[in-house]
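Notes follow once the structure below has been shown.
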Amino acid sequence: MAAASAYQSSAQAPDWLNKGDNAWQLTAATLVGLQSFPGLVVLYGGVVKKKWAVNSAFMALYAFAAVWICWVTWAYNMSFGDKLIPIWGKARPALNQGFLITPAATPLYPMATVVYFQCVFAAITLVLIAGSLLGRMSFLAWMLFVPLWLTFSYTIGAFSVWGGGFLFQWGVIDYCGGYVIHLSAGFAGFTAAYWVGPRAQKDRERFPPNNILFTLTGAGLLWMGWAGFNGGGPYAVNTIASMSVVNTNVCTAMSLIVWTCLDVIFFGKPSVVGAVQGMITGLVCITPAAGVVQGWAALVMGVLAGSIPWYTMMILHKRSRLLKHVDDTLGVIHTHGVAGLLGGLLTGLLADPTLCNLFLPVTNSQGAFYGGVGGAQFGKQLAGALFIIGWNVVVTSIICVAINFIVPLRMPEDKLEVGDDAVHGEEAYALWGDGELYDVTRHGDDTEHGGRGAVAPVTTTPNREN
């Protein structure tokens, strides 16, 4: 019997193509894409005050779209192409079929799959930075910030650590983005928040989530999507992919539980939003180590991921003049900056030599816990983190100052007072209340029913407070 056409070699399915690996890598990339859209779009839209729901979700959506165009036009090859300098690749498009359908260097599938997988990683980094700037950054300024930061900051980190740059050659371990994505996003977001300035004072004082169930929906997409985030790291369906997915879930579950327990011990109540933060710190912390540490190490990392960022966010933040001064809306410096740094350093302690040897880019590496050259590995992890932090602080500052010469970074006060309706002319919910411009043509003349033109009985006035 002749083999089914799907299993026969052809121009569309050449002999070198590993269909299983290709199918998984496309699936993993799509899972990571779903983390941004709709994952973080929904999470941001639900976790902010009602009057900022549309703007927050739209910032995430715009970033996802803009990164795609920049990535295939110039940024992919700046991150993974031929070396220009030790920290940067040569800019060129990744659009030609001669490039996209040729086999990648190591994985047995076309370059188009690699371009897709790495694009959604770049996109989620910008979406994470948005979390520091919600509720006051000018949307026009954000439209400029996304391509500039991708070009002059993300590509540097990606090439240096993953694309064959000096940190890659030196042996810094970042399994799937603890430094390139999360550490970068945390410190870039915090730096940008400093330059943009704070939210309106009443928003800083009271900023309750408008829909916690939406927040949980977005959080669920994040957690489940991380199977593609870390499971796609080896570029193949292999034992490391399986190990990394298990480690990811172990660390995340433990971090969530530890954060929730600390909330109960110190504040007397378990917080759903707190649990989501603990989930995120667990996901972030395990990311640089997911495929190179044992299960017991993932458990230990979960304990630390649920406690150290909790301390910096809940205790240290209130005592530090700098942390209180900079208005990092969703605390990205803690959930991604601190957790990413913690994960990278713990990788330098706990990376298992056997697992490292199974993961091609970091062969002959091991954590300090295992002796030998492990102490040097910890030093490499620390130095790599300092480079990523320093570059992001400096370059993000330059980008923000430059943008401010073109358009203001922060919205004017009248828009900050109103929110979505003033910025976009759209509202998240078909309800009139705080943060919406009252338009008679849209809402009707309510002077006969206790609206703005009359005094309504106290007993019949609904509470519209966000």
Side-chain angles (χ1 to χ4, degrees), residues 32 78-80 86-89 117-118 120-129 132 149-150 152-191 226 229-230 232-234 244 247-248 251 280-293 301 304-305 308-309 332-351 356 359 361-362 365 367-368 376-396:
V32 177
M78 294 178 74
S79 303
F80 296 96
I87 61 173
W88 225 358
F117 183 72
Q118 290 297 340
V120 290
F121 274 73
I124 200 171
T125 310
L126 269 301
V127 175
L128 294 174
I129 291 174
S132 296
W149 190 88
L150 176 72
F152 295 105
S153 191
Y154 182 84
T155 59
I156 296 292
F159 186 84
S160 298
V161 178
W162 286 341
F166 80 106
L167 294 177
F168 176 90
Q169 301 295 338
W170 197 31
V172 172
I173 302 174
D174 185 6
Y175 173 78
C176 227
Y179 283 180
V180 175
I181 296 172
H182 301 291
L183 187 63
S184 296
F187 279 87
F190 188 78
T191 303
W226 228 279
F229 201 106
N230 286 343
S244 68
N247 282 341
T248 297
C251 181
I280 292 172
T281 56
L283 291 167
V284 171
C285 184
I286 194 61
T287 293
V292 297
V293 296
M301 293 179 74
L304 296 174
I308 293 178
V332 179
I333 186 64
H334 304 288
T335 57
H336 294 271
V338 173
L341 176 61
L342 177 64
L345 296 179
L346 289 174
T347 303
L349 294 176
L350 302 173
C356 285
F359 185 57
V362 289
S365 299
Q377 188 63 52
F378 183 82
K380 292 177 182 180
Q381 297 299 112
L382 178 59
L386 292 176
F387 171 77
I388 294 294
I389 292 170
W391 186 272
N392 276 281
V393 170
V394 172
V395 172
T396 303

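All residue numbers in this chain count up from 1 along the given sequence. Keep in mind that what you see is a predicted model, and the values were worked out from it rather than measured.
In this structure Leu386 satisfies the side chain to side chain contact (heavy atoms under 4.5 Å, CB included) test together with Leu382, sequence neighbours excluded. Shown here are the ring pair (Phe, Tyr, Trp, His ring centres under 6.0 Å) partners of Phe80, two or more places apart in sequence or in another chain: Tyr76. Annotation: ring pair (Phe, Tyr, Trp, His ring centres under 6.0 Å) contacts of Phe159 (sequence neighbours excluded): none. Applying the side-chain hydrogen bond (donor to acceptor under 3.5 Å, both in side chains) test to Thr125 and every residue at least two apart in sequence or in another chain returns nothing. Scored by the side chain to side chain contact (heavy atoms under 4.5 Å, CB included) test, Ile87 finds Ile85, Ile156, Ser160, Phe166, Phe387, Trp391 as partners (sequence neighbours excluded).
Closest heavy-atom contact between Thr248 and Trp226: CG2-CD1, 3.8 Å. Of all non-hydrogen atoms in Ala122 and Leu150, the two that sit nearest each other are CB-CD1, 3.9 Å. For the pair Gly282 and Cys251, the tightest heavy-atom approach, listed with the atom from each and the gap, is O-SG, 3.4 Å.
Two residues are said to be in side-chain contact when any heavy atoms from C-beta on lie closer than 4.5 Å; Cys285 and Leu346 meet this criterion. Within the 4.5 Å cutoff, no side-chain heavy atoms of Thr335 are placed close to those of Val284. No side-chain heavy atom of Phe168 sits under 4.5 Å from any side-chain heavy atom of Trp162.
Only one option out of Ile173, Thr347, Val292 pairs with Ser365 in a side-chain contact (heavy atoms from CB on, under 4.5 Å); it is Ile173.
Of the possible polar contacts, none joining the Gln377 side chain to the Leu349 backbone as a donor-acceptor pair under 3.5 Å is found. Between the side chain of Asn247 and the backbone N or O of Val293 there is at least one donor-acceptor pair closer than 3.5 Å.
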Name each donor-acceptor pair under 3.5 Å that joins a side chain in residues 175-191 to protein atoms two or more places apart or in another chain, with its distance.
from: Tyr175; atom 1: OH; to: Asn230; atom 2: O; distance (Å): 2.9
from: Tyr175; atom 1: OH; to: Ser244; atom 2: OG; distance (Å): 3.2
from: Tyr179; atom 1: OH; to: Gln381; atom 2: O; distance (Å): 2.7
from: His182; atom 1: ND1; to: His336; atom 2: ND1; distance (Å): 3.1
from: Ser184; atom 1: OG; to: Tyr179; atom 2: O; distance (Å): 3.1
from: Ser184; atom 1: OG; to: Val180; atom 2: O; distance (Å): 3.0
from: Ser184; atom 1: OG; to: Asn392; atom 2: ND2; distance (Å): 3.4
from: Thr191; atom 1: OG1; to: Phe187; atom 2: O; distance (Å): 2.7

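If you take CD1 on Ile129 and CD1 on Ile124, they are separated by 11.5 Å, rounding to the nearest 0.5 Å.
A tilted orientation is assigned to the rings of Phe117 and Phe121, their planes being inclined by 30° to 60°.
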